[in-house]
Amino acid sequence: MNRMFSRCVVTLAAFVALGLISAPFLAGRELGSDLDVQGSVMVRNRAASVGTRIEAFASGTRLADTTVQVAGFYTLRIPPDDPVTLDRDGWLEGDEIRFVVDGETAQPTLTATGGSHQLDIAVQFISDVKKSTWGKIKALFR
């Protein structure tokens, strides 16, 4: 019976090492709550259309993404970071979360704390001005 118990412990340790079972699960502690964000989403003063992609980033890591299901509104659930894994895979307290709408940075950002947050985000005209100005500069050298 002692050998069988030893094999179970070794197998369990292997599963933890491979990431198939996380240590918080084994210890009975929870990781923390998801960060739920919802609100309006505007792109150049127009409601974002259905299918528009929204991504959330912190410290250069993509934490979550979603698509607009109702024109002009979004909901996004960001999981907490799992402290057992080596890779960053979720939010940490105090993170500055940046939103990207169809590849363009939206404003404002959100300081991460657990729970639900109402945050209206928008992509402004600024990126259009930068792109059109650069195009004019390049045209001068043709």
Side-chain angles (χ1 to χ4, degrees), residues 1-139 141:
M1 188 62 130
N2 223 0
R3 271 177 49 172
M4 184 171 215
F5 178 76
S6 295
R7 284 184 185 171
C8 287
V9 169
V10 169
T11 302
L12 191 56
F15 283 166
V16 170
L18 293 172
L20 300 175
I21 299 177
S22 67
F25 170 79
L26 294 173
R29 75 179 170 105
E30 295 182 25
L31 294 176
S33 64
D34 289 338
L35 190 152
D36 294 313
V37 188
Q38 63 183 11
S40 66
V41 55
M42 304 291 286
V43 178
R44 293 177 199 59
N45 290 336
R46 292 190 177 164
S49 60
V50 172
T52 299
R53 184 181 173 125
I54 299 173
E55 299 170 286
F57 290 85
S59 301
T61 300
R62 187 174 64 79
L63 304 178
D65 66 272
T66 189
T67 56
V68 172
Q69 301 296 310
V70 175
F73 296 95
Y74 76 101
T75 59
L76 182 63
R77 175 164 282 168
I78 305 170
D81 188 55
D82 184 347
V84 175
T85 62
L86 296 177
D87 294 331
R88 175 75 183 268
D89 56 5
W91 70 274
L92 294 169
E93 189 77 26
D95 273 346
E96 181 180 348
I97 298 182
R98 179 176 60 89
F99 297 91
V100 174
V101 177
D102 274 348
E104 297 188 69
T105 300
Q107 295 295 327
T109 60
L110 174 71
T111 301
T113 58
S116 296
H117 300 271
Q118 172 73 34
L119 184 71
D120 299 331
I121 60 175
V123 172
Q124 301 297 328
F125 287 101
I126 295 170
S127 61
D128 286 341
V129 171
K130 289 180 183 175
K131 288 178 184 176
S132 65
T133 303
W134 179 244
K136 291 176 185 175
I137 292 170
K138 285 183 3 184
F141 294 97

Shortest non-hydrogen separation from [X] to [Y] and the atoms involved:
{"X": "Thr105", "Y": "Arg98", "answer": "OG1-NH1, 3.7 Å"}
{"X": "Trp91", "Y": "Gly114", "answer": "CH2-N, 3.2 Å"}
{"X": "Pro80", "Y": "Asp89", "answer": "O-OD1, 4.3 Å"}
{"X": "Ile78", "Y": "Ala64", "answer": "CG1-CB, 3.9 Å"}
{"X": "Ala47", "Y": "Gly72", "answer": "CB-CA, 3.6 Å"}
{"X": "Gln124", "Y": "Arg44", "answer": "O-CG, 4.3 Å"}

Set of side-chain hydrogen bond (donor to acceptor under 3.5 Å, both in side chains) partners for [X], sequence neighbours left out:
{"X": "Asp65", "value": "Arg62"}
{"X": "Gln107", "value": "none"}
{"X": "Arg46", "value": "none"}
{"X": "Thr113", "value": "His117"}

- Query: Hey, are the side chains of Leu110 and Leu35 touching, using non-hydrogen atoms and a 4.5 Å cut-off?
  - Reply: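 Leu110 reaches Leu35 side chain to side chain.
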- Message: So does Gly94 get a backbone contact from the side chain of Glu96, meaning a donor-acceptor N/O pair under 3.5 Å?
- Response: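 Pair absent, no side-chain N/O of Glu96 close to backbone of Gly94.
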- Message: Treating Asp82 as the side-chain partner and Val84 as the backbone partner, does any N or O pair qualify as donor plus acceptor under 3.5 Å?
- Response: yes
- Phe57 CZ to Thr109 OG1 distance, which is reported to the nearest 0.5 Å: 14.5 Å
- Between CG on residue Asp120 and CZ on residue Phe73, distance to nearest 0.5 Å: 8.0 Å
- Task: Hey, could you give me each pair passing salt bridge (Lys or Arg N to Asp or Glu O under 4.0 Å) that has a residue in residues 33-42? Not counting sequence neighbours.
- Result: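 Matches after skipping sequence neighbours: Asp34-Arg77, Asp36-Arg77.
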Tell me, please, which residues at least two apart from [X] pass side chain to side chain contact (heavy atoms under 4.5 Å, CB included).
{"X": "Thr111", "result": "none"}
{"X": "Val101", "result": "Val41, Val43, Thr52, Ile54, Ala106, Ile121, Val123"}
{"X": "Gln38", "result": "Thr75, Gln118"}

